[in-house]
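Right, one structure below, let's go through it.
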Amino acid sequence: MELTTIWFILIAVLWVGYFCLEGFDYGVGMLLPVLGRDETEGGSPHTGETRKRQMLSAIGPFWDGNEVWLLTAGGAIFAAFPHWYATLFSGFYLPLLLILVGLILRGVGLEYRGKVDSPAWRARMDAMVVAGSTVPALLWGVAFTNIVLGVPIDADMEYVGGFWNLLGPVALLGGLTTLTLFLTHGALFVALKTDGRLRHDARALALRLGAASAVLAVLWLGILHLRTGTPASWLVAGVAAASLVGGLLAAARGREGWAFTGTFVAIALATTSLFLALFPDVMPSSLDPAWSLTAENASSSQKTLGIMTVVALVFTPVMLLYTAWSYWAFRKRVSGHHIPTEVHHAAVVDGGERAGADR
Amino acid sequence: MDALDLARWQFGITTVYHYFFVPITIGLSLLVAVMQTQWMRTRNPQWLRLTKFFGKLFTINFALGLVTGIVQEFQFGMNWSDYSRFVGDIFGAPLAIEALLAFFLESTFLGLWIFGWGRIPEKLHAAAIWLVHIGTLLSAYFILAANSFMQNPVGYRLNPETGRAELTDFLAVLTNPVQLVTFPHVIAAAYMTGGGFVLAFAMWHLWRDATPGTDKPMYRKAAKLGAVTVLVASLGVIVSGDLQGKVMTEVQPMKMAAAEALYEDVPEGEGAPFSIVTVGTLDGSEEVWALTVPKLLSYLATGTLDGAVEGIDHIQDRYELTHAGSELTAVEDYRPVIPVTYWTFRLMMGLGFAAMAIAAAVLWVLRGRGSETDEQRLGHRMWGWAGLLVLVLPLLANTFGWMFTEMGRQPWLVMGLMTTQTGVSPGTTAAEVLTSMTVFTLLYGVLAVVEVGLLLRYGRAGAEQVPEDASYDPRARDDDDAFVFTY
């Protein structure tokens, strides 16, 4: 196999990893105010905060590692296909800026939320987490639709389409699809990784979100593959849709592990189908097919690709091993009693009778 | 300002800002790992308390280093797409390897460390923070290899068909002579910063009356650890910096000349002096008064007291001849901004030496066995200021060092191969770059306030007290207990 093909596949794998893993923590971030609201009946009025912290603790050990899949995908595109990196990142300038701002807000929100014990502080950090999870969940769908369908690229490999050109109806449909898919995936992660009423609420919500995402996904993938699909990409997209439905059926029966596996596989295969439809292009030009960036004309030298292949083959298994171990180490469901009641003495706000009062 | 100027400003702002967090992350991860290892060896609860105290401060700092680092990786493609096309073959590989080898290691094991207190076996938990530290070192190695290529391109050839630089020898890129002296310099400077960080917070608690007397011996331990780290690391900075000077003279003579604002050649046998400060025009072309050390520049540049040092004017003439007519490399002026190179070089060294002196003074005061009196000696108001300085000075010295090395490389983006003005994204508009620069600057400004606020809040509060029961001890917990460290 050509080295350029191998790297096309490896980059597809990195995006698959990013969407399958970070997808659920974007979903959890977006659902924070929904699943983390105070319960009106049954529970005490302060359960919302405990539920939020259960959700955050469930993704806590993982979200940063999940984000590295994106950084590695970006670095790999830079190393293996410099023209793809240059055209994509300079061309999709403003969407990428929004994604970067989102990732900054979200990371800070997640890390700093528990550092000050005040409702106003937490509300601000929650808003940052919600916004910072929503923006990339939406915009990656928009970006990938544009990549697969092709954008105006001139003879010098420069994107010449401007910002609004990226927000066509199909692209927006793609954005809504990834958004709802990640919401469903996140809700199922909460159902799988927490306990108590939160778990059951999350599962019920996943079913409703999942139904919406399934409709959107079928519509979006259908349009994409009608326009640029191959038999292989159709097949994989079909299996993706079936996995999503299978996952939702499993959720309806209370089989959370299978349900999460279902959305995981669905996201993985939907992403794979996009890359199958894309190959051998990496960024087709809508102006002239001759101006398209391909795995061949956008690539690095054979020397670089060869070295990178060896590095990837040696170190990816090591990385997968310790990543898997970290998921194993935190395999236990996060229950209410895992959430500490005492407040770090530095987090206490001065004069606060109310310190700890809302938990 | 056009897109080029704005892109340069954005790179400067975001990179300088990002680099406030980097040396603290590298240095502090080592010291927290040392503290945790000390706890396991001695079972002295003071070390456990210090581990958690500085561990919290570490995570507050790490969060911003992480999120601002993402911008760094994507900014090359966004604002410098022609640069990315030209050198992606060589420059992209270390970036990708950095992500695969270092970022996964750091983030996964930091997650394990933060959430793993009392949940994973104790030795694995301590190994996790060591692996975080190793991750920071790997990360530094690969990103510095990429940067060293920009200072001194090696292991490549220019492909006339594609007009791009292509990799011929990856080992040469990883063992670039610039890299071999820069990596130890940067790491030693980071250890100095981490040591200064620990020393500063420990001094503050020693200095302040409100600290319980029973806690003073604990902060004394931390102060000594921090001060020794600063001292040892600063020796490493000096030795590696000295070696760097020689390599720089060889591969970037203009930068060395600009460091001294030396316009005229100094021939063999004469010995070029080094000025510590100069009063005169800002670019050093006319001096009114200068405090100089004879022959020091010759020593810094060549390793001998009377070695020849080439002056700016001569190098300018030489480059004009070499690069005349070239599309990528012909510019009018091959000189960097001399006042910047001249002063940042001095500030880097001066602030570093000042931090070293403070650390030495603290060690002197804390010499011998712990007693009430020497802690009281640190109670003078002067020591409060010294504590603040020992935190800030190494950070600023790092910043000035990078400003010197990056601005001193100008007008080159890749030394001798590509000028900065030819690397900018051709399709990106000034409005777009202005938008992103403004957004990042405002966002970073707000985050700086939030971060410093949190560091002060947690730094002032001091190490948590040990509860009466054993619940504080991670060994007495399992994964059915509440999380102890986070969220």
Side-chain angles (χ1 to χ4, degrees), chain A residues 53 56-57 60-62 64-65 67-68 71-72 74-76 78-80 82-83 85-91 93-94 96-97 100-101 103-104 107-108 111-116 158-160 300-301 303-304 307-308 311-312 315-316 319 322-323 326 329-330 332 337-340 344-346, chain B residues 56 59-60 63-64 66-68 70-71 73-74 76-79 81-82 84-85 88-90 92-93 95-101 103-104 107-108 110-112 114-116 119-120 166-168 170 425-428 432 435-436 439 443 447 450 454 457-458 461 464 479 482-484 486-487:
Chain A
R53 291 176 70 187
L56 292 169
S57 298
F62 311 127
D64 184 7
E67 199 156 289
V68 177
L71 293 179
T72 311
F78 196 174
H83 287 301
Y85 174 79
T87 305
L88 175 65
F89 285 57
S90 65
Y93 196 91
L94 292 178
L96 265 164
L97 172 64
L100 289 176
V101 170
L103 295 181
I104 292 173
V108 172
E111 286 298 323
Y112 285 1
R113 183 183 190 279
K115 297 280 192 286
V116 178
E158 293 296 333
Y159 172 78
V160 289
S300 280
S301 66
K303 176 100 186 173
T304 297
I307 290 167
M308 294 290 298
V311 172
F315 290 103
T316 310
M319 177 276 285
Y322 63 67
T323 301
S326 115
F330 298 107
K332 207 169 184 110
H337 73 265
H338 286 121
I339 304 305
H344 190 284
H345 69 142
Chain B
K56 268 279 189 247
T59 60
I60 292 169
L64 280 203
L66 170 84
V67 296
T68 55
I70 308 172
V71 176
E73 176 154 347
F74 292 134
F76 294 111
M78 292 171 78
N79 286 342
S81 68
D82 270 359
S84 304
R85 292 182 203 279
D89 206 85
I90 304 138
L95 255 67
I97 297 174
E98 183 192 17
L100 180 61
L101 263 70
F103 293 164
F104 273 116
S107 55
T108 306
L110 186 60
L112 275 158
I114 292 175
F115 283 82
R119 304 196 147 229
I120 58 176
E166 285 181 2
L167 186 67
T168 56
F170 192 53
S425 300
T428 304
E432 283 174 320
T435 307
S436 76
V439 167
L443 183 60
L447 291 181
V450 174
L454 278 182
R457 171 183 273 270
Y458 278 77
E464 285 175 290
D479 65 359
F483 290 108
V484 287
T486 185
Y487 290 9

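Nearest approach of A:Ala76 to B:Ala96, heavy atoms of both residues: N-CB, 3.8 Å. In terms of heavy-atom proximity, B:Leu100 sits nearest to A:Met319 at CD1-CE, 4.3 Å. Listed here is the closest heavy atom pair of A:His345 and B:Ala461: CE1-O, 3.0 Å.
Chain B forms more heavy-atom pairs under 4.5 Å with one residue of A:Ser90, A:Gly74, A:Pro82, A:Ala80 than with any other, namely A:Ser90. Note: B:Leu66 leads B:Thr59, B:Leu66, B:Leu110 in heavy-atom pairs under 4.5 Å with chain A. In terms of non-hydrogen atom pairs under 4.5 Å with chain A, the most contact-rich of B:Asn79, B:Val450, B:Ile90 is B:Asn79. With respect to chain A, the highest number of heavy-atom pairs below 4.5 Å among B:Glu432, B:Glu166, B:Arg119 belongs to B:Glu432. The candidate with the highest count of non-hydrogen atom pairs below 4.5 Å against chain A, out of B:Ile120, B:Thr68, B:Leu95, B:Thr168, is B:Thr168. Ranking B:Thr428, B:Asp82, B:Val67, B:Asp89 against chain A, the residue ahead of the rest is B:Asp89, based on heavy-atom pairs under 4.5 Å.
Considering only heavy atoms from C-beta on, A:Tyr85 comes within 4.5 Å of B:Phe76 through its side chain. No side-chain heavy atom of B:Thr108 sits under 4.5 Å from any side-chain heavy atom of A:Phe62. Side-chain contact between A:Phe330 and B:Leu112 is present, with heavy atoms from C-beta onward closer than 4.5 Å. Using a 4.5 Å cut-off on side-chain heavy atoms (C-beta onward), B:Ser107 and A:Glu67 make no contact. No side-chain heavy atom of A:Glu111 sits under 4.5 Å from any side-chain heavy atom of B:Leu64.
The parts of A:Ile104 that come within reach of chain B are both its backbone and its side chain, each placing non-hydrogen atoms under 4.5 angstrom from that chain. Both the backbone and the side chain of A:Leu97 come within contact range of chain B, each with at least one heavy atom under 4.5 Å from a heavy atom of that chain. Using a 4.5 Å cut-off between heavy atoms, B:Ser436 touches chain A through backbone and side chain atoms alike. With a threshold of 4.5 angstrom between heavy atoms, B:Ile70 approaches chain A through its backbone and through its side chain. Residue B:Leu447 touches chain A through its side chain alone, counting heavy-atom pairs closer than 4.5 Å.
Atom CZ of A:Phe89 is separated from atom CE of B:Met78 by 9.0 Å, given to the nearest 0.5 angstrom. To the nearest 0.5 Å, atoms OG (A:Ser326) and CZ (B:Phe115) are separated by 11.0 Å. Atom-to-atom distance recorded for A:Phe78:CZ and B:Glu73:CD is 9.0 Å, nearest 0.5 angstrom. Within the model, atoms CZ of B:Phe170 and OG1 of A:Thr304 stand 8.0 Å from one another, a figure rounded to the nearest 0.5 Å. Summarising the geometry, atom NE2 belonging to A:His344 is positioned 11.0 Å from atom CZ belonging to B:Arg457; distances are rounded to the nearest 0.5 Å. Taking CD1 from B:Ile60 and OH from A:Tyr112, the interatomic distance works out to 6.5 Å, rounded to the nearest 0.5 Å.
Not one N or O on the side chain of A:Lys303 forms a donor-acceptor pair closer than 3.5 Å with the backbone of B:Leu167. With hydrogens and angles ignored, the 3.5 Å screen pairs no side-chain donor or acceptor of B:Tyr458 with any backbone N or O of A:Ala346.
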